[in-house]
Amino acid sequence: MKVKYQANMVPHLQKPENLSLSSSLPIQDSPTPSIMGGLNNDSSSFFSDKSAKIFVAGHRGLVGSAIVRKIISLGFTNLVLRTHSELDLTRQSDVESFFSAERPVYVILAAAKVGGIHANNTYPAEFILVNLQIQTNVIDSSFRFGVKKLLFLGSSCIYPKFAPQPIPESSLLTAPLEPTNEWYAVAKIAGIKMCQAYRIQYNFNAISGMPTNLYGPHDNFHPENSHVLPALMRRFHEAKTSKAKEVVVWGTGSPLREFLHVDDLADAVVFMIENYSGLEHLNVGSGKEVTIKELAELVKEVVGFEGDLVWDSSKPDGTPRKLMDSSKLAVLGFQPKVELKDGLVDTYKWYLENVTQ
Ligand SMILES: NC(=O)C1=CN([C@@H]2O[C@H](COP(=O)(O)OP(=O)(O)OC[C@H]3O[C@@H](n4cnc5c(N)ncnc54)[C@H](OP(=O)(O)O)[C@@H]3O)[C@@H](O)[C@H]2O)C=CC1
Ligand SMILES: C[C@H]1O[C@H](OP(=O)(O)OP(=O)(O)OC[C@H]2O[C@@H](n3cnc4c(=O)[nH]c(N)nc43)[C@H](O)[C@@H]2O)[C@@H](O)[C@@H](O)C1=O
């Protein structure tokens, strides 16, 4: 059950022209690689040209829709957007035709195959294939068609299962991954490395942000394939409505997770495009963690379900803990604003108004 972003809420929804491309595209010649690790090395500001064309890939999803809301609220006027059915980003030639026709100046890559612990564990082939295809096509076309800056989004699952806590960026590739999502994680690690390789060899301004577990309006509320927060919100709501006595929650309740409201992530994305042009990926978290048991109690309270919780320990817990160290982004000047309880209230209001109608 997913409410789609309304295409008529944003400008510039024109269809791409059906241009043909030769298979051998020119490689841009950039002899001086930039491997800056800090502030923007690009003298022109993202904020200085509100008419620059921005392609937000995945604009109907949780993250993409929040980014679109944010950049429209900042006064940007020239967004180019495509639904999955209008442009399948796994298809290389279609992606090249789109970039050739549209020539976006900025690209924000928020399109991906995404899901919670059960979906990742059940469909490993789709998670590795689709994510590798989407990111490879979009990153490569962005470089070849002269995009000024690209932002790629990974996930906190790129880090080892037993990484030091809070997890610094330097933990990447230091130990084995969490098995329930290693296929998705490997694709995301490849995305980070592709951005780095294109920066080193071609001086392409590609940056990567690693968000923690996200939630908010336009989340996926599917009963099995979603993440824990929307899954529990829906389950408690349906239990309240049907006057059920108990709700089943997966695992033991002991794993710790860090949650960030998607509006904070959207702020961070815009902040990074304006302020950061480094080789290294940057963590984007709230800095606060809760156990799944604490989260379940909080969602139960916000929804107003009065029955009991029953723990299904046959379901996997996943990573025991994944609190990220987001101090590098904080030092650059970014701080998240939304408290978990406030974010849950806001998300439940959105759910009632948009999903249960
Ligand atoms: N949700 C979370 O907790 C976290 C998410 N992230 C990252 O944020 C990014 C966005 O995730 P999120 O918003 O949650 O995901 P959603 O599932 O909500 O949205 C994914 C978007 O990708 C689009 N999409 C999927 N496949 C294709 C395709 N083949 N061609 C074109 N478009 C496609 C979908 O389009 P359509 O709607 O048209 O089907 C949808 O708009 C991902 O990179 C994810 O890894 C990182 C950490 C946590
Ligand atoms: C963002 C992140 O998301 C995923 O990793 P995850 O953090 O393990 O995500 P999750 O939200 O699905 O689960 C968190 C915890 O919550 C427990 N849990 C309880 N009850 C439900 C429940 O009903 N649904 C779900 N999904 N989980 C439940 C569940 O057992 C687990 O202990 C990866 O896809 C990964 O690729 C990734 O990037």
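Position 1 is the first residue of the sequence, and the numbers go up from there. Just follow the structure's listing: the first ligand is 1, and inside any ligand the first atom is 1.
Rounding to the nearest 0.5 Å gives a distance of 10.5 Å between CZ of R91 and CG of N137.
Counting heavy atoms closer than 4.0 Å to ligand 2, residue E178 contributes nothing at all. Under 4.0 angstrom from ligand 2, the non-hydrogen atoms of P316 all belong to its backbone. Within the 4.0 Å heavy-atom criterion, both parts of V228, backbone and side chain, lie near ligand 2.
Within the structure, ligand 2 lacks T319 among the residues with a heavy atom less than 4.0 angstrom away. Using 4.0 Å as the threshold, R235 has a heavy atom nearer than that to some atom of ligand 2. Taking 4.0 Å as the cut-off, T212 counts as a neighbour of ligand 1 on heavy-atom distance. Residue S156 places every heavy atom at 4.0 Å or more from ligand 1. Note on ligand 1: Y184 sits in its first shell, one or more heavy atoms being nearer than 4.0 Å. No heavy atom of N220 sits closer than 4.0 Å to any atom of ligand 1.
Evaluated by nearest non-hydrogen atom to atom 24 (N) of ligand 2, the leading choice among W250, Y184, Y215 is W250.
With hydrogens left out, the protein atom closest to atom 6 (P) of ligand 2 is R257 NE, 3.7 Å, a heavy atom.
For the pair H118 and ligand 2, the shortest N or O to N or O distance does not fall below 3.5 Å. In terms of polar-atom proximity, I117 is counted as a contact of ligand 2, with an N or O under 3.5 Å from an N or O of the ligand. Between L232 and ligand 2, not a single N/O pair is under 3.5 Å apart.
Between E280 and K328, at least one side-chain N (NZ, or NE/NH1/NH2) sits under 4.0 Å from a carboxylate O, which counts as a salt bridge.
In this structure, H281 has its ring center at least 6.0 angstrom away from the ring center of F152.
When each atom of ligand 1 is checked for a heavy atom of L87 under 4.0 Å away, the hits are 30 (N), 31 (C).
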